[in-house]
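Notes for the one structure printed next.
Chain letters run A, B, ... following the sequence lines, proteins first, then strands; residues in each count from 1.
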Protein chains: 2
Amino acid sequence: MIIELNAQQTDELRVRIFKALADPIRIQIIRYLRRVNKETTCGDVSKVIKMSKSAGSYHFKVLREAGLTITRKDSREKYVSLNYDTFEKYVNHFLDSL
Amino acid sequence: MIIELNAQQTDELRVRIFKALADPIRIQIIRYLRRVNKETTCGDVSKVIKMSKSAGSYHFKVLREAGLTITRKDSREKYVSLNYDTFEKYVNHFLDSL
DNA sequence: AATATAGTTCAAAAGTATTTGAACTATTAA
DNA sequence: TTAATAGTTCAAATACTTTTGAACTATATT
């Protein structure tokens, strides 16, 4: 089921996406996820990008809630990957879609 | 003279750009500048998008300092326009350029 | 010269985002 | 059943962003 957003909801989503991108740690996370180009656990990312467990959890939540990542839980671990559709629609085509 | 940015400076610029985009008023300003598609005074924009003089000044500064707009002063007025190069390089091609 | 207009700057206030460590849940391994 | 591991949640502390109004600079008009 696809939810159609009205103009204001779309702007709110744009703000949420750009806020998520506006942080150096989250840019590093995105860079890492893009380079490995496969599902990765939160723990794996935290090994490469130094941050506390709870800070990591917070940053992954910000990315997920902006729709920039997709998360799949498998037993104890959570696998994270980039949601390229969101980047394509809201980042790559930001100006065009305004 | 073109200043080459190192990797960290580039990430700092990315953060500055996304912070500038992560605000509903600045998204409205960008939308307006894109629609009129010509130089516009700060005052003209403030007539369309309701905000105080000083808030306007602040938002235009954030956009300018992120390199998203170009500003030209002509006597009392300041003409603002979008800097499409920055959008192209850092927003449209964000993921590719990481 | 006096007044109006366009925009900036400042400091205080209000609002948001981020980090921290400790306590927590859920699952796996010994 | 006890330990360890992966990740979340919470509240407090810290840091940052945005708004406000008043005072300011610079230019234009009367």
Rounded to the nearest angstrom, tell me the gap between atom [atom1] in [X] and atom [atom2] in [N].
X: B/Leu21; N: D/dT18; atom1: CG; atom2: P; value: 12 Å
X: A/Asp23; N: D/dT17; atom1: CG; atom2: P; value: 11 Å
X: B/Ile25; N: D/dT17; atom1: CD1; atom2: P; value: 16 Å
X: A/Lys50; N: C/dT20; atom1: NZ; atom2: P; value: 9 Å
X: B/Tyr58; N: D/dT20; atom1: OH; atom2: P; value: 13 Å
X: A/Lys53; N: C/dT20; atom1: NZ; atom2: P; value: 14 Å
X: A/Arg76; N: C/dT27; atom1: CZ; atom2: C1'; value: 6 Å
X: B/Glu12; N: D/dC16; atom1: CD; atom2: C1'; value: 16 Å

Please report the shortest heavy-atom distance between [X] and [Y], naming the atom on each side.
X: A/Met51; Y: A/Ile29; value: CE-CD1, 3.9 Å
X: B/Arg34; Y: B/Tyr84; value: CA-OH, 4.1 Å
X: B/Glu65; Y: B/Arg16; value: O-NH1, 3.4 Å

What's the separation between atom [atom1] in [X] and atom [atom2] in [Y], rounded to the nearest 0.5 Å?
X: B/Arg14; Y: A/Arg26; atom1: CZ; atom2: CZ; result: 15.5 Å
X: A/His59; Y: A/Arg64; atom1: NE2; atom2: CZ; result: 13.5 Å
X: B/Asp85; Y: B/Leu68; atom1: CG; atom2: CG; result: 11.5 Å

>> Is any side-chain heavy atom of B/Thr69 closer than 4.5 Å to one of B/Asn83?
In response: no
> Among residues 62-75 of chain B, which contact DNA chain C at a heavy-atom distance under 4.0 Å?
Replying inline: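 The stretch gives none, as no residue of it lies under 4.0 Å from the strand.
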> Taking DNA chain C as the partner, which of residues 34-44 of chain A come within under 4.0 angstrom of it by heavy atom?
Replying inline: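 Under 4.0 Å from DNA chain C: no residue of residues 34-44 of chain A.
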>> Under a 4.0 Å threshold between the charged nitrogen and the carboxylate oxygen, would B/Lys19 count as salt-bridged to A/Asp23?
In response: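 Salt bridge absent between A/Asp23 and B/Lys19.
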> Does D/dT20 have a Watson-Crick or wobble partner in any strand here, with both distances under 3.5 angstrom, and which is it?
Replying inline: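 Matched D/dT20 with C/dA11 under the 3.5 Å cut-off.
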I want to verify a distance call: between [options], whose nearest atom is closest to the [X] side chain?
X: B/Ser54; options: D/dG7, D/dT19, C/dC10; value: C/dC10
X: B/Ala55; options: D/dT18, D/dT20, C/dG7; value: D/dT20
X: B/Ser52; options: D/dT20, C/dT19, C/dG7; value: D/dT20

> Relative to the 5' end of DNA chain D, which residue comes earlier, A/Phe60 or A/Lys19, by the nucleotide with the nearest heavy atom?
Replying inline: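 The 5'-side residue here is A/Phe60.
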> Does a nitrogen or oxygen in the side chain of B/His59 sit under 4.0 Å from OP1 or OP2 of D/dT17?
Replying inline: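 So the side-chain polar atoms of B/His59 never come under 4.0 Å of the phosphate oxygens OP1 or OP2 of D/dT17.
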>> Between A/Tyr90 and A/Phe18 (judged by ring centroids, cut-off 6.0 Å), do the two rings come close enough to count as a pair?
In response: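 Not close enough - the centres of the two rings lie 6.0 Å or further apart.
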